Amino acid sequence: MAIKAEYIWIDGTKPTAKLRSKTRVLPNADKIPTWGFDGSSTNQAEGHASDRVLDPVRVTPDPIRGGDNILVLCEVLETDGTPHVSNTRALLREVAEKYASQESIFGIEQEYTFFKGSRPLGFPEGGFPAPQGGYYCGVGAEEVFGREIVELHLDRCIDAGLAICGINAEVMPGQWEFQIGPVDALTVSDDMWIARYLLYRTAEEFGIDATLDAKPARGDWNGAGAHTNFSTKAMREGYDAIITACESLGTSQEKVLEHVNQYGHDIQSRLTGKHETAPWNVYSYGVSDRGASVRIPWQVEVDKKGYIEDRRPNANVDPYVVTRLLINTCCEALEKAGQV
């Protein structure tokens with residue numbers, strides 16, 4: 001029996017790439033062929049030479065259509081088979097392979113905000129809700145908005161076989177979070193993009209928009225981040241490697257900006273030094289400090305091994321980029337220090 005394959009890819013829109021998808025009917029899922037698309041409509045080509053190639057890299061069950069239907073995450077290639085300039089996954093593959101012996105593992109906490117029209121879900125028309133705080137992990141109709149969407153999204157991520165490990169309501173009405181991991185860099189990034197696709201499609205069914213904007217509501221509200229938890233084999237075995245990794249991320253202002261400038265659009269509006277953030281241009285790390293750039297969880301200090309949390313990435317960060325930067329910076333430093 002024929003199946004529907006939803007080909008999904010990341011486009012070339014700047015400053016923040018968008019997800020695109022289209023459907024192909026296949027005789028079965030035994031062989032998933034490459035496909036093509038019009039790159040001139042996705043900011044990935046010019047009209048006089050617009051063909052671009054979709055190369056399947058991850059196939060999962062389609063929890064929306066059900067049955068034997070599938071989701072097909074793709075890399076974008078040029079027609080000669082080389083990675084397109086917008087293909088950040090290809091860059092991650094190279095770095096992940098270079099430092100594969102260090103066995104990097106990631107967990108990403110994806111915050112997002114539901115909007116109904118021009119206002120966050122739960123914001124009253126012509127006014128504002130009570131201050132943030134009570135909504136975090138809240139219970140009850142006065143503090144929680146959109147739970148039916150969140151629960152359906154969670155079920156669909158599980159049914160798709162993604163490495164989703166939790167959900168919670170965040171500090172602002174209509175703001176939520178899901179977590180992917182702990183898994184390797186390519187898996188956490190692939191799963192994050194597929195989970196984002198499922199989030200948008202699920203919210204679409206309710207007439208709601210899910211946004212990854214870094215500062216969805218101006219004023220005295222937290223922004224939306226994608227806190228990224230990271231460890232290597234050495235970090236999971238000893239505390240000296242934890243400190244080396246933390247210090248490597250702040251070796252110079254150039255290194256700080258190399259990361260921050262690629263951690264998502266509009267980052268300066270979110271990383272202000274307030275609302276559980278460090279200033280965007282000042283690097284710091286500390287134990288149990290949610291006002292630091294990088295947090296060492298208290299249990300990690302107690303156990304003298306574990307992982308670190310980079311709190312700087314925006315909700316709209318490209319997971320292929322943030323994982324590549326962390327591997328490249330920290331693993332290089334650990335290698336130089338002989339902590340591998």
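On a predicted model such as this, the values are computed, not experimentally measured, just so you know.
Proximity of a side-chain donor or acceptor of Thr202 to a complementary backbone N or O of Tyr200 within less than 3.5 Å is not detected. No side-chain donor-acceptor contact under 3.5 Å links Asp62 to the backbone of Asn69. Within the 3.5 Å criterion, the main-chain N or O of Val76 finds a donor-acceptor partner in the side chain of Asn87. At least one donor-acceptor pair under 3.5 Å links the side chain of Thr277 to the backbone N or O of Thr272. The backbone N or O of Ser40 sits less than 3.5 Å from a side-chain atom of Asp38, completing a donor-acceptor pair. Judged by distance alone, with hydrogens and angles left aside, the side-chain atoms of Asn314 form no donor-acceptor pair with the main-chain N or O of Asn316 at under 3.5 Å. Of the possible polar contacts, one joining the Thr232 side chain to the Met235 backbone as a donor-acceptor pair under 3.5 Å is found. Here the side chain of Ser189 pairs no donor or acceptor atom with the backbone of Leu186 at under 3.5 angstrom. With hydrogens and angles disregarded, no donor-acceptor distance shorter than 3.5 Å links the side chain of Asn43 to the backbone of Gly12. Judged by distance alone, with hydrogens and angles left aside, the side-chain atoms of Ser293 form a donor-acceptor pair with the main-chain N or O of Val282 at under 3.5 Å.
Residues Pro124 and Pro129 form a side-chain contact, since some pair of their non-hydrogen atoms from C-beta on lies under 4.5 Å apart. A heavy-atom distance below 4.5 Å is not found between the side chains of Asn229 and Ile308. Put simply, the side chain of Leu249 does not reach to within 4.5 Å of the side chain of Val256, judged on heavy atoms. Residues Leu19 and Arg196 meet the side-chain proximity criterion, which asks for heavy atoms closer than 4.5 Å. Considering only heavy atoms from C-beta on, Pro56 comes within 4.5 Å of Thr34 through its side chain. Residues Val260 and Tyr283 are not in side-chain contact: their nearest non-hydrogen atoms beyond the backbone lie 4.5 Å or more apart. In this structure the side chain of Glu247 reaches within 4.5 angstrom of the side chain of Tyr285, judged on heavy atoms. Here the side chains of Pro297 and Ser288 are not in contact, with every heavy-atom distance at 4.5 Å or above.
Ring planes of Trp35 and Tyr7: perpendicular class, angle over 60° (limits at 30 and 60°). Classified by interplanar angle (parallel below 30°, tilted 30° to 60°, perpendicular above 60°), the ring pair His259/Tyr263 is perpendicular. Using a 30° and 60° split on the angle between ring planes, Tyr112 and His153 fall in the perpendicular class, above 60°. Taking the six-membered ring where tryptophan is involved, the planes of Phe106 and Phe230 are tilted, since the angle between them lies from 30° to 60°.
Scanning all heavy atoms of the two residues, the minimum distance from Ala278 to Ala292 falls at CB-C, 3.8 Å. Minimum interatomic distance between Asp289 and Arg311 (heavy atoms only, all atoms of both residues): O-CD, 4.2 Å. The shortest heavy-atom contact between Lys116 and Gly207 is NZ-O, 3.6 Å. Of all heavy-atom pairs spanning Gln44 and Ser86, the tightest one is NE2-OG, 2.9 Å. Scanning all heavy atoms of the two residues, the minimum distance from Ser248 to Lys255 falls at O-CG, 3.6 Å. Residues Ala29 and Ile70 approach most closely at CB-CD1, 4.3 Å, considering heavy atoms.
Donor-acceptor pairing under 3.5 Å is recorded for the side chains of Thr88 and Asp318. In summary, the side chains of Thr211 and Asp209 do not present any donor paired with an acceptor at a separation below 3.5 Å, with no hydrogens or angles considered. The closest side-chain donor-acceptor pair between Asp266 and Ser269 falls under 3.5 angstrom. No side-chain N or O of Ser252 forms a donor-acceptor pair with one of Glu254 less than 3.5 Å apart. For the residue pair Thr228 / Asp310, no side-chain donor-acceptor distance below 3.5 Å is found, with atom types taken as modelled. At a cut-off of 3.5 Å, with distance as the only test, no side-chain donor of Glu332 or Tyr99 sits close to an acceptor on the other residue. Of the N and O atoms on the side chains of Gln179 and Glu177, at least one donor lies less than 3.5 Å from an acceptor on the other residue. With 3.5 Å as the limit, one finds no donor-acceptor pair spanning the side chains of Asp240 and Gln339.
Both Ile180 and Leu154 are members of a single hydrophobic cluster when ILVMFWY side chains are connected at heavy-atom separations under 4.5 Å.
Taking Arg270 as the reference, nothing meets the salt bridge (Lys or Arg N to Asp or Glu O under 4.0 Å) condition, with sequence neighbours excluded. Every residue meeting the salt bridge (Lys or Arg N to Asp or Glu O under 4.0 Å) condition with Glu204, not counting sequence neighbours, appears here in chain and number order: Arg201.
Between Arg156 and Glu205 there is a salt bridge, since at least one side-chain N of the basic residue sits less than 4.0 Å from a carboxylate O of the acidic one. Ion pairing between Asp303 and Lys305 fails under the 4.0 Å rule for side-chain N and carboxylate O. Residues Lys233 and Asp184 are not paired through a salt bridge, judged by the lack of any N-O separation under 4.0 Å between the basic side chain and the carboxylate.
Atom CD1 of Ile149 and atom CG of Leu199 lie 8.5 Å apart (nearest 0.5 Å). Considering CD of Glu125 and OG of Ser118, their distance stands at 6.5 Å, rounded to 0.5 Å. Once rounded to the nearest 0.5 Å, the distance linking CG of Asp155 with CD1 of Ile164 reads 9.5 Å.
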CA sep, side-chain torsions, deciding dist, call: Leu54, Ile8, side-chain contact (heavy atoms from CB on, under 4.5 Å)
CA-CA 9 Å; Leu54 295 175; Ile8 303 166; over 6 Å; no

Under the side-chain hydrogen bond (donor to acceptor under 3.5 Å, both in side chains) criterion, do Asn222 and Glu170 qualify, and how do the steps go?
CA-CA 9 Å; Asn222 279 23; Glu170 272 299 334; 5.5 Å; no

Verdict with reasoning, Cys74 to Asp55, per side-chain contact (heavy atoms from CB on, under 4.5 Å):
CA-CA 5 Å; Cys74 301; Asp55 183 31; 5.6 Å; no

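Applying the salt bridge (charged side-chain N to carboxylate O under 4.0 Å, His left out) test between Glu6 and each of Arg24, Arg65, Arg20, Lys22 identifies Arg65 as the sole match. For the salt bridge (charged side-chain N to carboxylate O under 4.0 Å, His left out) with Glu75, the qualifying choice from Arg52, Arg89, Arg58 is Arg89, the only one to do so.
For OH of Tyr136, the number of neighbouring non-hydrogen atoms (other residues, nucleotides, ligands) closer than 6.0 Å is 12 at most. Annotation: Gln299, atom CD; neighbour count of heavy atoms from other residues, nucleotides and ligands within 6.0 Å is above 12. The number of heavy atoms from other shown groups lying within 6.0 Å of NZ (Lys304) is above 12. Heavy atoms of other residues, nucleotides or ligands lying less than 6.0 angstrom from CD of Glu148 number more than 12.
Two rings, from Tyr135 and Trp176, have their centers 6.0 Å or more apart.
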